[in-house]
Amino acid sequence: MVHRYLWRNIESAVSKALQETTAKIPAVLDVGCGNKPYADLFTGCKYIGVDISDEDSSPDIIGSATQIPVQDGFADIVISTQVIEHVPEPLAMVRECHRVLKKGGFFILTGPFYWPLHEEPFDFYRFTKYGFEHLLKQANFSAWDIKEDGGNWAQFFLSANLILNRRHVFLRTFLNSLGLVLDRVNFKKSSPSNYSILAKK
Ligand SMILES: C[S@@+](CC[C@H](N)C(=O)[O-])C[C@H]1O[C@@H](n2cnc3c(N)ncnc32)[C@H](O)[C@@H]1O
């Protein structure tokens, strides 16, 4: 359910960034690319994945999100999904993503507000929308749009699902659907599981 929201928000951010990019073949940097789940959204682009490790990921370049080994203004679009919580210095990462973007370039960033510990012990932060806004301002981005990936009901039932044993398939499916329906009836967004952001340099 969360991925359904996340996927929709990422697709919409990518489509807006591609529409507004003037480059013939936009250069796209995926920072903390893992196994590049969104690469297919960038057909016709020069798409380059950067990751700190090639263990369980498939980067084109090995490098840190706080020291990306490309020159200033290299990219038309920088995308970084579910990485920022793993970076000890998130402001340094957002500043670095700003540095490698062309003026007018787009930064697509996603990260959690609520999610259980993962990739331990390299799981350092959770973010509010004001925290993200603060980082973007500090890094000199000129504009941004922050979207919740689901509402409070989705997050509530996601928490229940994460506690339940994987064997409870029917109950989990039911709770997932209930979260989706209740979100539609009453979309409260003070406690989403995740945020998706489209920012402009
Ligand atoms: C949860 S995975 C997300 C992978 C992918 N972006 C996705 O959405 O599926 C986090 C990724 O960030 C990478 N990573 C963690 N710290 C990093 C850093 N400081 N610099 C670059 N990549 C980093 C990890 O190696 C891992 O591939």
Side-chain angles (χ1 to χ4, degrees), residues 1-18 26-43 45-72 74-101 105-127 131-132 135-136 138-139 146-150 154-155 158-159 161-162 192-199:
M1 188 171 56
V2 168
H3 288 114
R4 184 181 159 141
Y5 282 114
L6 176 65
W7 186 263
R8 196 172 58 196
N9 285 341
I10 290 178
E11 259 186 338
S12 140
V14 170
S15 134
K16 188 155 187 221
L18 287 175
V28 178
L29 262 187
D30 186 341
V31 176
C33 61
N35 287 312
K36 303 177 175 166
Y38 306 105
D40 287 351
L41 299 178
F42 294 101
T43 43
C45 299
K46 181 177 159 194
Y47 172 92
I48 297 168
V50 184
D51 204 289
I52 200 153
S53 148
D54 60 2
E55 211 175 287
D56 196 26
S57 68
S58 37
D60 304 294
I61 303 175
I62 293 191
S64 166
T66 53
Q67 239 177 327
I68 305 170
V70 301
Q71 76 270 21
D72 297 1
F74 171 85
D76 297 285
I77 299 172
V78 171
I79 178 166
S80 185
T81 56
Q82 308 308 118
V83 178
I84 193 165
E85 73 271 26
H86 301 292
V87 178
E89 291 167 340
L91 178 56
M93 170 183 167
V94 178
R95 282 195 164 131
E96 186 65 350
C97 291
H98 184 272
R99 179 188 72 78
V100 300
L101 267 175
F106 289 95
F107 181 32
I108 298 163
L109 174 67
T110 74
F113 174 79
Y114 167 83
W115 195 259
L117 288 173
H118 56 290
E119 303 200 1
E120 293 176 62
F122 305 105
D123 189 3
F124 303 112
Y125 302 103
R126 298 294 178 268
F127 298 88
F132 275 128
L135 294 174
L136 293 163
Q138 292 287 305
I146 303 179
K147 286 201 161 67
E148 290 80 9
D149 298 320
Q155 195 279 114
L158 166 73
S159 312
N161 267 346
L162 289 167
S193 58
N194 208 72
Y195 288 104
S196 292
I197 297 158
L198 177 63

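Both counts, for ligands and for their atoms, begin at 1 and track the order of listing.
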Which protein non-hydrogen atom lies closest to [atom], naming both residue and atom, and how far is it?
{"atom": "atom 17 (C) of ligand 1", "answer": "I52 CG2, 3.8 Å"}
{"atom": "atom 24 (C) of ligand 1", "answer": "D51 OD1, 3.5 Å"}
{"atom": "atom 9 (O) of ligand 1", "answer": "P37 CG, 3.3 Å"}
{"atom": "atom 15 (C) of ligand 1", "answer": "H86 CB, 3.9 Å"}
{"atom": "atom 20 (N) of ligand 1", "answer": "A65 N, 2.8 Å"}

In Å and rounded to the nearest 0.5 Å, what is the CZ to CD1 distance from F106 to I197? 14.5 Å
What is the distance from atom CD1 of I62 to atom OG of S53, rounded to the nearest 0.5 Å? 6.5 Å
Which label fits Y125 and F127: parallel for a plane angle under 30°, tilted from 30 to 60°, or perpendicular past 60°? tilted
Heavy atoms of other groups near E89 CD, more than 12 under 6.0 Å: no
Is it the case that atom CD in Q67 sees more than 12 heavy atoms from other parts of the structure closer than 6.0 Å? no
In terms of side-chain geometry, is the basic nitrogen of E11 or R8 positioned less than 4.0 Å from the acidic oxygen of its partner? no
If you measure every N/O of [X] against every N/O of ligand 1, is any gap under 3.5 Å?
{"X": "E119", "value": "no"}
{"X": "V87", "value": "no"}
{"X": "Y38", "value": "no"}
{"X": "G32", "value": "yes"}

Pair Q155-S193, side-chain donor/acceptor within less than 3.5 Å: no
Any side-chain donor near an acceptor of the partner, D30 and Y38, under 3.5 Å: no
As an exercise, identify every atom of ligand 1 less than 4.0 angstrom from a heavy atom of [X].
{"X": "C33", "answer": "5 (C), 6 (N)"}
{"X": "T81", "answer": "3 (C), 5 (C), 6 (N), 7 (C), 8 (O)"}
{"X": "S64", "answer": "19 (N), 20 (N)"}
{"X": "Q82", "answer": "1 (C), 2 (S), 3 (C), 10 (C)"}

Single hit among D51, T81, D60 for side chain to side chain donor-acceptor pair (under 3.5 Å) with K36: D60
Below 4.0 Å from ligand 1: does a non-hydrogen atom of P88 turn up there or not? no
